[in-house]
Structure formats: structure tokens, C-alpha cells
Amino acid sequence: MRSEEPLLNYDELAEKNKRYVWHPFTQMKEYIEGDPVIIAGGDGRKLQDVRGNEYWDGVSSIWLNVHGHRVPEIDQAIRGQLEKIAHSTMLGMANVPAVLLAEKLIHLMPPGLAKVFYSDAGATAVEIAIKMAFQYWQHKGQPQKQRFITMKEAYHGDTIGAVSVGAIDIYRHTYSNLLFSPIHVPYPYIYRSPITGDDETQTAFFLDELEKTLQAHHHETAALIIEPVVQGASGIIVMPDGYLRGVRELCTKYNVLMIADEVATGFGRTGRLFACNHEEVTPDILTAGKGLTGGYLPVAITVATDEIYEAFLGDYEDQKTFFHGHSYTGNQLGCAAAIANLDLMEEKNLIHEVQQQSRYIASRLQEFSKLSHVGDIRQKGFMIGLELVVDRETKEPYEWTERVGVQVCTRAKELGMLIRPLGNVVVFMPPLASTKEELEAMLDILYQSIQEVTES
Ligand code: PMP
């Protein structure tokens, strides 16, 4: 924090936080009794709170930070744009950074993706993908194709459509009467797979399960939605090689659109620019957000092929328009930040760096298998999940009421790193530009926190 700034009174802010703010995914009864971290600043890979404590940003401010905080190039791009205009609508008109960003994105996307539709959150990007796929089949003369296939334990965001295609029960069951019902297929969660065998055997088994579902339902199915390569919110679950490509082939075979939700995996997080790049897959629709602006501003995208886009073209009277748009669609400040972020990623050869540092993380993660309650260690690039279990032999999970993941994260906070668990899975997702020394410090805290909590 810069010293010329007035000192902030923690107690006063905490009281106002308690009195006026309702926090996301938070049981407020418990939260207001606690001692909340109130962030006042950030620098590089660190966050600072109003009391002057510093913490590593160990989950990239919920999976989105790329270069760190207060990145001069992105700061400057936003200031530069601010000198011109902050926002004007995309309804019926265009704006300079939104056009230039779309061009840039299409050149970076898996080949075949051609048109960018902007919004402002991962959930809205998914909502748009669902409506696009649904409407596409109406224009193609197959209005009976209305259903969606989704993976068990999938997460796609918190709006009604996105929750509908989500499959994590705790986020869903309260609202079930509000939601449409997708068709579920098992996700290849190898650690708890119903069959034994190597990755090839697993891939074949799970693709076979999907094919059976497609055979039964393809005539009524608009699209399949999947988090490519890593299923995130279910616990950072990495799919075996060949599965994603197999899904693409089956979608094509059964004439079902494939939506790849890259909100979490996009923009370098898994060690390729997009997770789909690992298997040279082009989905029909790709959603992304989070890292697009480097973790600065809320811009999300739903990107479609020309085949989809062209199905919406027609005379005004045909009513083939895509009736969707948000107030802040194509926001100039956000698009300017995104351009600066992507330029910087290129300039710094960041994807290569992520691959290098991922190898370092992988080597360090081997040590974690010494901890007797670490059941499974999962990593793809800078997405890391450590599944904690009571008993490694039987893979018995901790009771959710024990909140072992929360306990680990509380200890990590005391040791100087902010992370957030997913149930019994401890998640580590550092900013992509973290250096080896920074990763070393963060992994030390991670190790110590897990050790102290699970072996005490
Ligand atoms: N899809 C996936 C795969 C996600 O991981 C998330 C958020 N973690 C979302 C969608 C929703 O994104 P947002 O929180 O920006 O709405």
C-alpha cells in the first residue's frame, strides 16, 4: 500500500461489511462472527489487506488472475481507454476495442470458431451458449432437438440455465423446480472409477457410456456441454487422454452440438491457450471468461462456428435474430484490458512459461504423497487439486461436516496464502505468471497447512 493513502480503519470497515454486504457462496451467520479479510491492495502475485497483512493469491482470485495484480501494461491500457470512453452499448453499434479483440480472439481460437458474442460472466456465456444451441435447431428445421447432455458433477455457473446443466447437487437441489432437466452421463473421474484399468481402458469405457446415451437421445438433444480436460468445481478432475477427442467424434456422429465450457480452463490455465488445444478439438460453441482480461474486468465470450452463426441469418420477418444481450456487452474498458492481457501473454511467451513452471509444480507435488491423508494428486498446468481422504487404502472420504478443506485453507491464511477449497479437495491455482521462487513459497505453505491439519 502506498504510504500517502489514509490509513483504513479495519474495525469500521468490518462493521460496515457485516451490516451492508451479502457475500457469494457464504453462510453469512457464520461469516459475520468471524474475522474477515478485507483487501485494500495487491501487487504482483500478492494481496494486501487493510491491516497490512500480505497473502499469496493462491487461487488467482477465484481462478482468473494471469499476470498478477497492478500490471503496468494492463493498467495503462485501461487508463488509455478511459481517456476515450468507458462504455457504450453494442446493441446496434460497435466499438473499437470490442472489434479488435474479437479479431484477435478468432485468430487464437481452435480453428473453425468464427464469431464472438460478448457478455460479462462465465454464467452468462454459458446461458448464451444454451440459447444459441437451442435456437439453432429450430432454424435448422429440427425443433425437437431441445435437450442437453451434461457430465455428472459438472459446474457451469449460477444463472438458471447454467444451473440446469450443472450437476453438483448442493448447488442445484434447492432450485430443482425452476430448472430444466438435462441428461447426465458419467464423467471419467479415474480416482473413483467403477472400473479398473489404464487410461486407455477408462477412456474407452466412458466413451462407450456416452455413446449409449447418444444412441438413445440424439434425436431430442440439442447439445452436449463439457468442461474440457479438467472438470473444475467438482474437484479439479483431470480427464484421461483421448476422452475429449472421443466426445467430439461422438457429437459429430450423432449430430449433437458440442459446447466446450472453457471459463475455467481457457487462456493458458491448463498449459495450452485453450484446453481444447490439448486434443486438437474444435467445439461448435466455446465459452470463456475469467482469465480473458487477466483477472481485471468482467468480460466473457461465447464463440460460435460460421455454421451456427449462419443459421441465424434471414430476413427481419423470419425472426431468426438471436434475442439476447446485456447492458455491458462488449464493454470498452474490459475489451481494452483483454487486448493488453493477450498481448502481454504473447510478449512474455507465457504459455511456454506455464508449461515450464508446471513441471516444477509437478515435481514438488510428488512430496505431497508422503502425507498420509492426501488420496489423489491432480494437476493439469496451473490447475491443481489435492483430494484429502480419511484412509488412503479405502479412499474413504472425510465427512463433509468435518470441513477438512476449510481447515486447511484457514491454516494457509494464517501462514500467508489465500486459497479456497472444494469440499475435501484443496485447490491450488496460482497466477500464471508466478515465478519458481513464488511457487516454492506457496507450495511450502500448502504442504505445511495440509500436514498440520490432517496429521495433528
Ligand atoms: N463455467 C465454469 C467451468 C466455471 O468454472 C465457472 C466459474 N468457476 C463458470 C462457468 C461461471 O463463471 P462466472 O463465475 O464468471 O459466472
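Here the structure is a predicted model, which is why all the values come from computation and not from measurement. Counting starts at 1 for both ligands and their atoms, in listed order.
Using a 4.0 Å heavy-atom cutoff, Lys290 is listed among the residues neighbouring ligand 1.
Here Tyr155 has heavy atoms under 4.0 Å from ligand 1 in both its backbone and its side chain.
Here the protein heavy atom with the shortest distance to atom 16 (O) of ligand 1 is Ala123 N, 2.8 Å. Remark: minimum distance from atom 1 (N) of ligand 1 to any protein heavy atom is reached at Asp261 OD2, 2.7 Å.
Under the 3.5 Å distance criterion, with hydrogens and angles disregarded, a donor-acceptor pair is assigned to the side chains of Glu307 and Tyr136. Side-chain atoms of Tyr296 and Asn341 include no donor-acceptor pair closer than 3.5 Å.
Ligand 1 places these atoms under 4.0 Å from at least one heavy atom of Trp63: 5 (O). Taking a cut-off of under 4.0 Å to the non-hydrogen atoms of Gly122, the atoms of ligand 1 that pass are 11 (C), 12 (O), 13 (P), 15 (O), 16 (O). Close approach to Ala264 involves these atoms of ligand 1, each under 4.0 Å from a residue heavy atom: 5 (O).
Considering backbone and side-chain N/O atoms, Gly157 never comes within less than 3.5 Å of an N/O atom of ligand 1.
Taking the six-membered ring for Trp and the full ring otherwise, Phe274 and Phe267 have centroids separated by under 6.0 Å. Between Phe322 and Phe117, a ring centre-to-centre spacing shorter than 6.0 Å is recorded.
Sorted by first and then second residue, the side chain to side chain donor-acceptor pair (under 3.5 Å) pairs involving residues 101-118 (not counting sequence neighbours) are Lys104-Asp343, Lys115-Asp306.
Using a 4.0 Å threshold on non-hydrogen atoms, atom 8 (N) of ligand 1 counts as touching the protein.
The aromatic rings of Tyr254 and His218 lie tilted to each other, with the angle between the two planes from 30° to 60°. A perpendicular orientation is assigned to the rings of Tyr243 and Tyr187, their planes being inclined by more than 60° (bins at 30° and 60°).
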